[in-house]
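Computation of the quantities below employed the complete heavy-atom set of this structure, encompassing side-chain atoms and omitting hydrogens, waters and symmetry-equivalent molecules.
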Amino acid sequence: MRILPFSTCPPSTRASPVLVEQRLARYYGRTMLDHKFVRDNLEAVKKNIADRYMKADADLVASLYDKRNETLTALDEQRKKRNDNAAAMKGKIEAAIREKLIAEGKALKETIAELEKGAEELEARLLEEARKIPNMAHPGAPVGKEDKDNLEVKRVGEPTKFDFQPKDHVQLGQELDIIDFDTATRVSGTKFYYLKNQGVILELALVRYALDILMKKGFTLFTTPDVAKTEILEGIGFNPRGAESNIYSIEGEGTCLIGTAEITLGGYYSGSVLDKKDLPLMLAGVSHCFRREAGAAGQFSKGLYRVHQFTKVEMFAYCLPEDSDKIHEQLRLIEEEIFSGLGIPFRVVDTCTGDLGAPAYRKWDLEAWMPGRNGGEWGEVTSTSNCTDFQARRLNVKFKDDDGKNKYVHMLNGTAMACSRGLISVIENFQQEDGTIKMPAALVPYCGFDTIRKIEKK
RNA sequence: GGAGCGGUGUCCGAGCGGUCUAAGGAGGCGGUCUUGAAAACCGCUGUGCCGAAAGGCACCGAGGGUUCGAAUCCCUCCUGCUCCGCCA
């Protein structure tokens, strides 16, 4: 069976069609919400699509699925005839009979070729349409269109008060000579940055602080590749192509710069059947994250908040379906612990249906207080999603259940520390009147200093 | 990047156009025997799709081709190992 390659893929960003086709074939038939589920739960699926303000045609998927099955059944019948025909010719038989059988075989060959062509077309169309259908949303997730419809469910600490006019991290970073945006713009472009002096140490401290917490919780630590294959990105639920894509593609390679280690950690067990007794698998990965942020220019993207490259510690879990709600809760609590431990005020938000993203069943964001952001504002610092079996289907990750059947695992991810936004939170919340930054106590052992002040030239 | 040799079931490994419904081992599960164990013997032991089921189809790295019929022949690609080149 042949798969039609991505017709929408711009030539400059794709590998040879043959290559892409071969890679996709490995995940053939898995890149979607279960067809049968769509067909059998049509109304619920349609409501879910509407709640999420997405465009997908569930009716079309259902009808294509039925048509495809009809064709496949017909095809199987013809194939059986072909096999029987070939079997009939195994031994010594009369020449006349053999001639007759060969003629029949030739006719069957043509019929089969036609049916196969039809099946391929249906399969490709079904795949294309089914790919657009998002995961079902948690019944408890707030229904709404934009981030303003998200529901605040918890607050830890209160917005930091200052006896002076606080500065933003851009100004502080430049005055302390720990972040350099201007040179990065000249060398690499806008939305890049150099960290410098204690800024370098602070970033590494944030990474190590997060890793130590995760290690204690039994996570397996990784540094992951910063590059991943297109089909892995697709499997995780990213769209690596098109003008609106947030992903950088590597020309001619069929690979992309990862936007998060969720991609490489989620791809780690792609195509595997996991041992039930090993679940849940808790992974933590350090990687660089690359995002195009096309069309995200303007004052709201000033500084480190929205950048093309940052370092992140990501958590990832593979678990049994019945455990995923519980694991999701655990991931959120770890995120809370990390930010509570730093003494940074934050709130927890239950993300609304329209803001979930296609793979997520439910998502919680932690928003830290950022005193320098528009005069003080909550800004997203972490996010944890339960993607249930959506990614597992696309990447073919299963476990062997007690009944002997292979079933899809549930996959979850969460941010432990996005360094760029972590830096903003620390720098802005811990700034002092004299322009120095007092380090949170938890970071002092990792930094080796308790205050960031400008290094004077000797 | 160049050359040579490979990729078969959980693993090892045979297979060179129809007897492959994939030999033979190993491992695993169940059973017989035994006080218990070992040994021996017998049976079972991959995945996906369609189907209520019976059953059917597909899969020998991937894709395409030749053929009435392909694990087996041809082409392309991927991947592993060895040697050479380059390199932190």
Sugar-phosphate, base or nothing in reach of Lys100(A), heavy atoms under 4.0 Å
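Here Lys100(A) touches no strand at all.
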Report the distance from atom [atom1] of [X] to atom [atom2] of [N], rounded to the nearest whole Å.
{"X": "Gln78(A)", "N": "A58(B)", "atom1": "CD", "atom2": "P", "result": "12 Å"}
{"X": "Asn406(A)", "N": "C49(B)", "atom1": "CG", "atom2": "C1'", "result": "14 Å"}
{"X": "Lys36(A)", "N": "G48(B)", "atom1": "NZ", "atom2": "C1'", "result": "12 Å"}
{"X": "Lys229(A)", "N": "C78(B)", "atom1": "NZ", "atom2": "P", "result": "10 Å"}
{"X": "Lys80(A)", "N": "G56(B)", "atom1": "NZ", "atom2": "P", "result": "6 Å"}
{"X": "Asp76(A)", "N": "C59(B)", "atom1": "CG", "atom2": "P", "result": "11 Å"}
{"X": "Phe399(A)", "N": "U47(B)", "atom1": "CZ", "atom2": "P", "result": "14 Å"}
{"X": "Arg393(A)", "N": "G48(B)", "atom1": "CZ", "atom2": "P", "result": "12 Å"}

Base-pairing assignment for [N] (Watson-Crick or G-U wobble, both under 3.5 Å):
{"N": "C5(B)", "value": "G80(B)"}
{"N": "A54(B)", "value": "none"}
{"N": "U66(B)", "value": "none"}
{"N": "A37(B)", "value": "none"}
{"N": "A26(B)", "value": "U10(B)"}
{"N": "U19(B)", "value": "none"}

Aromatic ring proximity, centroids under 6.0 angstrom, Phe222(A) and Tyr268(A)
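When the ring centroids of Tyr268(A) and Phe222(A) are compared, they turn out to be within the sub-6.0 Å range.
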At a cut-off of 3.5 Å, list every protein nitrogen or oxygen paired with a nitrogen or oxygen from nucleotides 19-21 of chain B, distance to 0.1 Å.
unit_1 : atom_1 : unit_2   : atom_2 : d
U19(B) : OP1    : Lys90(A) : NZ     : 3.3

Compare the minimum distances between each of [options] and the side chain of [X], then state the nucleotide with the smallest one.
{"X": "Ile102(A)", "options": "C57(B), G51(B), C68(B)", "value": "C68(B)"}
{"X": "Arg98(A)", "options": "G18(B), C57(B), G51(B)", "value": "G18(B)"}
{"X": "Lys400(A)", "options": "C57(B), U47(B), C68(B)", "value": "U47(B)"}

Please state the [atom1] separation for the pair [N] and [M] - nearest whole angstrom.
{"N": "G24(B)", "M": "G63(B)", "atom1": "P", "result": "29 Å"}
{"N": "A71(B)", "M": "C16(B)", "atom1": "C1'", "result": "10 Å"}
{"N": "C20(B)", "M": "U79(B)", "atom1": "P", "result": "35 Å"}
{"N": "A53(B)", "M": "G43(B)", "atom1": "C1'", "result": "26 Å"}
{"N": "U21(B)", "M": "G56(B)", "atom1": "C1'", "result": "15 Å"}
{"N": "U45(B)", "M": "G51(B)", "atom1": "P", "result": "25 Å"}
{"N": "A39(B)", "M": "A54(B)", "atom1": "C1'", "result": "42 Å"}
{"N": "G13(B)", "M": "G6(B)", "atom1": "P", "result": "14 Å"}

What's the spacing between Leu356(A) CG and Ser385(A) OG if we round to 0.5 Å?
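It is 7.5 Å, given to the nearest 0.5 Å.
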Can a side-chain donor-acceptor contact be found between Glu335(A) and Thr382(A) if the only test is distance below 3.5 angstrom?
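Their side chains do contain a donor-acceptor pair, which is all the 3.5 Å distance test asks for.
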Any side-chain donor-acceptor pair under 3.5 Å between Tyr248(A) and His308(A)?
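Yes, side-chain donor-acceptor contact under 3.5 Å.
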Only pairs at least two apart or in different chains count here, so list each salt bridge (charged side-chain N to carboxylate O under 4.0 Å, His left out) that has a residue in residues 197-211 of chain A.
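Qualifying pairs, neighbours excluded: Arg208(A)-Asp212(A).
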Is there side-chain contact between [X] and [Y], with at least one heavy-atom pair below 4.5 Å?
{"X": "Asn413(A)", "Y": "Thr384(A)", "result": "no"}
{"X": "Val286(A)", "Y": "Thr311(A)", "result": "yes"}
{"X": "Val45(A)", "Y": "Met136(A)", "result": "yes"}

Audit row: Glu314(A), Lys312(A), salt bridge (charged side-chain N to carboxylate O under 4.0 Å, His left out) steps and yes/no
CA-CA 6 Å; Glu314(A) 179 79 358; Lys312(A) 181 157 64 70; 2.7 Å; yes
Under the rule for side-chain contact (heavy atoms from CB on, under 4.5 Å), what residues qualify as partners of Asp84(A), not counting sequence neighbours?
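Here the qualifying residues are Lys80(A).
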Taking only residues two or more places apart in sequence, or in another chain, which ones meet Ile452(A) in a side-chain contact (heavy atoms from CB on, under 4.5 Å)?
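Applying side-chain contact (heavy atoms from CB on, under 4.5 Å) to Ile452(A) gives Leu176(A), Ile178(A), Gln198(A), Leu202(A), Ile437(A), Met439(A), Phe449(A).
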Would you say a side-chain N or O of [X] is under 4.0 Å from OP1 or OP2 of [N]?
{"X": "Lys405(A)", "N": "U47(B)", "result": "no"}
{"X": "Lys398(A)", "N": "G48(B)", "result": "yes"}
{"X": "Asn83(A)", "N": "G69(B)", "result": "no"}

Tell me which residues in residues 104-113 of chain A put a heavy atom below 4.0 Å from RNA chain B, sorted by number, or none.
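Residues of residues 104-113 of chain A under 4.0 Å from RNA chain B: Gly105(A), Lys106(A), Lys109(A).
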Please write out each protein N/O paired with an N/O of nucleotides 70-72 of chain B under 3.5 Å, distance rounded to 0.1 Å.
none

Give the minimum heavy-atom separation between Asn246(A) and Glu293(A), together with the two atoms involved.
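For Asn246(A) and Glu293(A), the tightest heavy-atom pair comes out as OD1-N, 2.7 Å.
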Please give me the minimum heavy-atom distance between Cys447(A) and Ile201(A), naming the atom from each residue.
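Answer, listing the atom of Cys447(A) first, then Ile201(A): O-CG2, 3.5 Å.
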Using 30° and 60° as the class boundaries, would you call the ring planes of Tyr209(A) and Tyr446(A) parallel, tilted or perpendicular?
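Taking Tyr446(A) first and then Tyr209(A), their aromatic rings stand perpendicular (interplane angle over 60°).
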On RNA chain B, compare the nucleotides closest to Ala86(A) and Asn69(A); which residue's is nearer the 5' end?
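Nearest-nucleotide comparison on RNA chain B picks Ala86(A).
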Of Lys407(A) and Lys81(A), the one whose closest RNA chain B nucleotide lies more 5':
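The 5'-side residue here is Lys407(A).
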